[in-house]
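Counting starts at 1 for both ligands and their atoms, in listed order. Because only heavy atoms are used, hydrogens play no part in the values below, and waters and symmetry mates are left out as well, while side chains stay in.
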Amino acid sequence: PRPIDELTIWDDAKAMLKKARREGVETVHDRLDQQTPHCKFCELGTTCRNCTMGPCRVSEKRPRGVCGADADVIVARNFGRFVTGGAAGHSDHGRDLIEVLEAIVEGEAPDYKITDEGKLFRLAGEVGIETEGRELMAVAEDLMECFFADFGSRKKSVSLLSRVPEVRKEKWAKLGMTPRGVDREIAEMMHRTHMGCDNDAPNTLIHAARTALADGWGGSMIGTELSDVIFGTPTPKMSTANLAVIKEDKVNLLVHGHNPVVSEMILAAAREPEMVARAKELGATGINVAGLCCTGNELLMRQGIPMAGNHLMTELAIITGAVEAVVVDYQCIMPSLVQISGCYHTKFIDTANKARFTGAIHFDFQPRTAMKQAREIVSIAIEAFAERDAGRVEIPGEPIEIMTGFSNEAVIEALGGTLDPLVKAIADGDIRGAVGIVGCNNPKIKHDSLNVGLTKELIKKDILVIVTGCVTTAAGKAGLLVPEAIEMAGPGLKKICGALGIPPVLHYGSCVDNSRIIQLCAALANELGVDISDLPVGASSPEWYSEKAAAIGLYAVASGIYTHLGHPPNILGSETVTNLAVSGLEDLVGASFFIEPDAVKTAEMFDERIKAKRKGLGLSE
Ligand code: NFS
Ligand code: SF4
């Protein structure tokens, strides 16, 4: 096995990897070793399994599959389906929020309510629903219908494109890239990539971009906005991160996955006095709910609950031996967590019929019975406390302070109600630009080395960083999410963030909340009367692994945002597709991907881009 020091930058992770080796528990790193080297054809994207005349593997020697498809067609089809898997994940999550809103409207979800009424009315106004003098529930019903319709086939474009600058929308219309309906684009991609349909790689990629845009400005954005409506729009607050948020003297319940519909209810149940009393009867001092991955981000943003870890910490959290239950909804949940839970007293509980895990305790979690089910789940966690083996508990280090809760609404309020101060700070060059660093961990990359490395390099250059998803925990553990982190930033950021009492790295939420970032970019572009591609901004997913990250990257690029990836998707087997991704898209949508595994070089690339864009806007470099 590879030395532990090469696997991660974190002491808490190293301690748990050592414990895992001592206790004979297999982790993601061991399985990566088993799987290496990977299939070269698959890495290049030149395998096709789309029909049973194949499967086919194309190369210089055998350049066409049985049907005649060449590497360009095969790579484009594979990448198209890859992105579509991600768009489907985010968007189906978004749909689940609409279904909760529907249940609220119909009086079928007694445990949920509309928390941010003002936001619901504002959203309704944005999508053209009459709000004047109308009852809350009547407007909510119309909004629910409007968002359901965004998933279908009867619209010319998804409704929240109302936020996009006109010039950008014209570009999309000309290219055939306007997202019409979320499910429609997803289904059409499956159709196009069936044998004998879209056999022109650039044409397939245009539709991949359209599908990604249906995610960013459709499914994901609806997910974010309705989560705010139902659970409250985030406001700045303090919390903590790393494995030490797990408490030796408490019942520890980790929520993992993406959808706050489950985890919010678990948190509410865990706070009930009867639950706490039962935990105390068993010798615990209380119940500790902590987060993993994106559902952790959702609860962190809105409720301030601590963050135990990101993607590569999920297995390690259980290895502390102090976790009574892991409660999951869907996405990014390694199936290995069931086996690792089995090595300890940990109960692994799944809650979604569309994401079941063999060997898990299953709950078919429904809005109608949410609180009752949440109580049952929390009770399972409490009772497991009695089974904990104190001799196997090891919780490394001390928790690190973080600041969270930066929704666009909160940022604008902090700025005094308008974007003007931000525009001025950008114009003055105190904030030279902004980069959103988002997404995952990947065991092929030293855990969080690039996520943290790039963040540090950028803020030194007075480039504001916005983080979401798994990068949140990385930035937090590195001490970058507190106001004191301005000491690591350049003079401009130090001045502006210092005056506002905010960190130079802002936590914007979960991965669906990347929609907040594109919304901010659109608002800035509208304010300045330019296109999004004219702004001194960028996006990055340094350690990405998932289909969802690819969808996010592509909707960022298609929205006009220059986007970095720490390693390439499986497209290098086609020159046409690769060239389009890293340069050709620039001509079409005004932005492209760039691939760079080094943090310092990546920061320099962003710096160059930001200089050019500032110059284009008539600003100093
Ligand atoms: Ni987004 Fe990556 Fe997953 Fe969240 Fe984390 S791995 S693409 S950050 S938890 S979705
Ligand atoms: Fe092979 Fe063509 Fe079938 Fe793909 S669609 S498996 S390339 S024959």
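The shell of residues lying under 4.0 angstrom from ligand 1, judged by heavy atoms, excludes Trp544. Taking a 4.0 Å cut-off on heavy atoms, Lys548 registers as neighbouring ligand 1. Under a 4.0 Å heavy-atom criterion, Arg64 is not in contact with ligand 2.
Distance alone, capped at 3.5 Å, places no donor-acceptor pair between the Asn441 side chain and the His447 backbone. Judged by distance alone, with hydrogens and angles left aside, the side-chain atoms of Thr295 form no donor-acceptor pair with the main-chain N or O of Gly257 at under 3.5 Å. Remark: the backbone N or O of Gly469 is not paired with any side-chain donor or acceptor of Asn310 at under 3.5 angstrom. Listed for the Glu315 side chain is a donor-acceptor partner under 3.5 Å among the backbone atoms of Val28. Proximity of a side-chain donor or acceptor of Thr578 to a complementary backbone N or O of Ile571 within less than 3.5 Å is detected. Between the side chain of Asn514 and the backbone N or O of Cys511 there is at least one donor-acceptor pair closer than 3.5 Å. Put simply, the side chain of Asp513 gets close to the backbone of Ser510: a donor and an acceptor are under 3.5 Å apart.
Close approach of ligand 1 to Cys470 (heavy-atom distance below 4.0 Å) involves ligand atoms 5 (Fe), 6 (S), 8 (S), 9 (S). The atoms of ligand 1 that sit less than 4.0 Å from any heavy atom of Cys332 are 3 (Fe), 6 (S), 9 (S), 10 (S). Counting the atoms of ligand 1 from 1 in the order shown, those under 4.0 Å from a heavy atom of Gly469 are 8 (S). Those atoms of ligand 1 that come under 4.0 Å of a heavy atom in Cys440, given as number and element, are 2 (Fe), 6 (S), 7 (S). Remark: ligand 1 atoms within the under-4.0 Å shell around heavy atoms of Cys294 are 4 (Fe), 8 (S), 9 (S), 10 (S). Proximity to Arg77 (heavy-atom distance under 4.0 Å) selects the following atoms of ligand 2: 4 (Fe), 5 (S), 7 (S). Shown in contact with Cys56 at under 4.0 Å from a heavy atom are these atoms of ligand 2, numbered in order with element: 1 (Fe), 6 (S), 7 (S), 8 (S).
Shortest contact from atom 9 (S) of ligand 1 to any protein heavy atom: Cys293 CB, 3.3 Å. Scanning the protein for heavy atoms near atom 8 (S) of ligand 2, the closest one is Cys67 N, 3.3 Å. Scanning all protein heavy atoms for the shortest distance to atom 1 (Ni) of ligand 1 gives Cys511 SG, 2.2 Å.
Contacts between His258 and ligand 1, counted as non-hydrogen atom pairs separated by less than 4.0 Å, involve the side chain only. Residue contacts with ligand 2 for Arg57 are absent, since no atom lies close enough (heavy atoms, distance under 4.0 Å).
In summary, Arg302 and Glu298 engage in a salt bridge, as defined by a charged side-chain N under 4.0 Å from a carboxylate O.
Within the coordination shell of atom 3 (Fe) of ligand 2, defined by N, O or S atoms under 2.8 Å, Cys51 is present. Inclusion of Cys48 in the first shell of atom 1 (Fe) of ligand 2 is not supported: no N, O or S atom falls under 2.8 Å.
Put simply, OG1 on Thr193 and CZ on Phe79 are 13.5 Å apart, with the number rounded to the nearest 0.5 Å.
Between Phe594 and Phe606, the ring-plane angle classifies as perpendicular under the 30° and 60° cut-offs.
Counting only N and O atoms by type, the side chains of Lys548 and His258 include a donor and acceptor under 3.5 Å apart.
Between atom 7 (S) of ligand 1 and the options Gly553, Ala551, Ser546, the minimum heavy-atom separation is to Ser546.
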